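This report concerns only the one structure given below.
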Amino acid sequence: MSSADGTGEQLAFIRETVRRAKPRAARGVVLAERQPVARVLVDKGVLSLDQYFDYAVPESMSEDARPGVRVRVRFGGRVGAHGRREGGALHDGFVVERRDDSDYAGPLAPLARVLSPEQVLGPELLRLCRAVADRYAGTLADVLQLAVPPRHAGAEGEPSPRPLPPPGAPAAGSWERYVHGAEFLASLAGGHPPRAVWTALPGPEWPGEIARAVAATLASGRGALVVLPDGRAVARVDAALHELLGAGRHVVLAAEAGPQERYRRWLSVSRGSVHAAIGTRAAVFAPVRDLGLVVVWSDGDGSHSDPNAPYPHVREVALLRAAEEGAAVLLGGVSMTVEAAQLLRSGWARPLAAARETVRLTAPRVRTVTEYDQARDGAAQAARLPSVAWETAHEALTRGPVLVQVPRRGYAPRLACGRCRETARCRACGGPLESPAAGAVLVCSWCGTEEHDWHCTECGSFRLRAAVVGVRRTAEELGKAFPRIPVRTSGRDAVLATVPGAPALVLATPGAEPVAEGPGYAAALLLDGWALLNRPDLRAGEEAVRRWLTAAALVRPATEGGTVVVVAEAAARAVQALVRWDPAGHAGTELDEREELRFPPVSRMASVTGSARAVADLLGLLRLPAGADVLGPVPVFGGNGGGAGGAGAAGGAWEEGVERALVRVAPGQGAALAAALKAAQIARLALRGAETVRIRVDPTDIG
DNA sequence: AGCACGCCGACT
DNA sequence: GTCGGCGTGCTC
């Protein structure tokens with residue numbers, strides 16, 4: 001509120017108040033000559049203090065307290081009896097801006113300390129984080145926690161390497177297989193920002209293709225960023241970049257490196273000495289200088305969704321970033337999300353795909369079987385394999401490894417009564433019982449209570465059956481069906497990156513499929529397709545297609561005998577998409593349907609979760625844009641997570657009083673929705689305090 | 001969140 | 001008269 005012409009006055013006031021604020025140090029505190037005010041983001045998680053606070057800058061800190069540095073400040077103290085400032089806990093913060101004056105009328109406290117002169121929060125990163133916070137109705141402090149890694153003094157002390165001059169533009173290589181592939185690379189190399197949704201061909205070439213896109217961008221003198229869903233994918237692109245560009249041109253920002261090494265690499269990017277970064281979801285914030293290209297691989301993968309508030313999605317952050325920094329976008333994957341299809345339909349991005357003929361030559365043959373074609377053969381029957389699947393595997397095992405995709409982890413994750421099929425539940429808490437290994441004692445997967453003498457509460461039967469059979473159980477059964485063939489498993493706790501090209505059965509849960517060395521798998525069996533398709537989730541079809549295509553993409557082309565057998569209803573749309581190898585068509589059809597139903601991403605939704613009272617309060621304070629509607633509130637099953645949104649099964653307990661409402665707005669009203677939610681949240685905190693409401697924009701689990 | 005100020009009832 | 005209940009509001 002201070003006017004520009006009042007600067008001198010304000011300055012005098014600040015000097016005076018600072019002298020008054022710290023009387024004992026007063027003689028020592030000399031205010032900075034230039035820009036004596038530091039606008040600081042105080043990193044105090046709770047209470048929606050999503051605002052800046054001004055602090056006085058002592059001359060001694062003036063040099064170091066540049067925008068973007070980490071500082072410590074006193075916050076929450078009181079001006080005591082004699083105008084003396086006392087108390088106030090120390091908090092971390094970032095200097096956001098240096099100013100000549102403050103619009104705060106009261107006395108300014110001095111910065112307590114500059115933690116280090118490293119400018120970790122540059123103006124572009126700050127703008128991005130601000131945009132992400134706004135997009136997701138979250139606070140800047142929360143986003144910064146995701147975007148700026150924790151400080152490691154040791155790493156800051158070391159100098160970063162000298163930047164290398166730009167490499168030469170790469171040849172198009174396997175990009176030639178795509179209709180506009182070479183053109184896309186040339187555009188990147190020429191310094192332009194093309195935006196593409198890339199439907200990658202099956203096979204092992206995609207990491208190399210990403211590497212070429214990065215190289216082309218570096219050749220234009222700009223930086224590049226690649227975000228991948230998991231460490232194995234990062235390792236593959238890392239290897240491809242090493243092969244194409246050698247060492248020193250890129251860094252890997254992933255958890256496995258350890259905090260100090262990770263911070264060292266992050267600094268080398270932040271300082272501009274390395275121009276390309278690849279990594280998992282947090283890497284989307286990596287402050288690559290002069291960003292020319294953002295690549296997001298397999299944006300439908302759940303790990304691109306950050307589990308921490310405000311739950312940003314890598315794809316959305318990447319798009320915000322590209323828009324702000326004028327960078328090219330490459331949204332690629334073997335499959336295609338509805339969001340990507342929407343970018344194509346709106347014309348924001350252009351398709352990057354191979355001709356139909358090329359797809360036919362690259363993809364494996366896909367066959368469907370229903371569960372009813374169970375094999376007559378004894379061994380195959382024991383393995384619960386349809387005869388076509390058994391025959392395919394049997395033949396393929398003479399030529400190479402066979403991948404078996406099993407949708408659930410563990411041994412037999414859900415057990416049911418063998419007679420009436422009622423789910424077997426824990427007597428202590430009602431949670432589902434599981435069987436850790438053959439013959440082992442049953443254990444509750446919620447509370448861990450052991451069950452020694454189970455019997456069905458409905459019909460009294462003592463017989464159990466596996467409702468969904470997991471990897472390990474299937475491995476045992478297949479081992480019997482294919483004697484002398486080695487069986488390997490890859491799942492959550494033990495993920496294999498690769499398997500040899502020799503004949504073997506390779507069982508994996510979705511997302512954990514190892515890459516087969518050599519020409520790829522001879523065949524793949526996609527079991528229990530119904531389990532994927534019948535989930536009560538808006539994305540069930542899209543997710544099934546993605547998982548199937550991801551596994552099928554590891555199989556040899558049909559021309560080399562590669563075959564995929566999927567056990568699912570052949571008429572289902574998702575199954576057809578796999579058979580025809582048409583992820584773009586499927587995503588387009590899904591988009592049509594979302595449009596009709598006004599579902600995301602055609603509309604934008606947010607969920608509001610909390611006690612019935614708190615949710616009602618927030619909805620009451622919410623001033624929504626025209627055309628918005630509120631669905632619910634409805635009771636939430638299972639409570640605590642925002643994630644587990646399964647339909648309430650009979651016999652389960654409804655968590656007392658927890659409700660969820662969905663708020664939906666028309667296309668283009670997303671920003672208004674987020675702003676309204678945030679305003680309501682702040683208003684609610686001011687009025688009542690306590691009881692929190694979890695707000696989630698783009699909720700993942702809408703049935 | 002802390003933490004102080006403030007405007008009401010039971011004590012010395 | 002004074003101590004202290006925790007309701008309300010501010011923190012640069």
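Order of the sequence lines sets the chain letters (A, B, ...), proteins ahead of strands, with each chain counted from 1. The structure displayed is predicted, hence computed values, not measured ones.
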Length of the line joining A:Leu90:CG and C:dC12:P, which is rounded to integer Å = 12 Å
Inter-residue atom distance A:Glu158.CD - A:Arg264.CZ, 0.5 Å rounding = 4.0 Å
A:Asp103 atom CG is separated from C:dT11 atom P, nearest whole Å, by 13 Å
Atom OH of A:Tyr55 to atom C1' of C:dT11: distance rounded to whole Å?
-> 8 Å
Ring centre gap for A:Tyr311 and A:Tyr136 strictly below 6.0 Å = no
Give the intermediate values and the outcome of side-chain contact (heavy atoms from CB on, under 4.5 Å) for residues A:Val251 and A:Val269.
-> CA-CA 8 Å; A:Val251 292; A:Val269 173; 3.4 Å; yes
Who passes ring pair (Phe, Tyr, Trp, His ring centres under 6.0 Å) against A:His250, sequence neighbours left out?
-> A:His242
Nucleotide C:dC12, atom C1' - distance to CG of A:Leu111 in whole Å | 10 Å
Could you pull out every donor-acceptor pair under 3.5 Å between side chains of residues 278-288 of chain A and any protein atom, sequence neighbours left out?
{"residue": "A:Arg281", "atom": "NH1", "partner": "A:Ser303", "partner atom": "O", "Å": "3.0"}

Quick one: A:Asp54 CG to C:dC12 C1', roughly how many Å, whole number?
-> 6 Å
Report yes or no: is the ring centroid of A:Phe53 under 5.5 Å from the six-membered base ring centroid of C:dC12, with the two planes under 30 degrees?
-> no
Under 3.5 Å, is there a donor-acceptor pair linking the side chains of A:Arg271 and A:Ser160?
-> yes
Please state how far atom CD in A:Glu97 lies from atom P in C:dC12, giving the value in whole angstrom units.
-> 19 Å
C:dC12 P sits how many Å from A:Asp101 CG, rounded?
-> 18 Å
What integer distance in Å separates A:His91:NE2 from B:dG2:P?
-> 8 Å
Encoded 5' to 3' (Watson-Crick or G-U under 3.5 Å; [ ] crossing; | other strand), DNA chain C becomes |||||||||||.
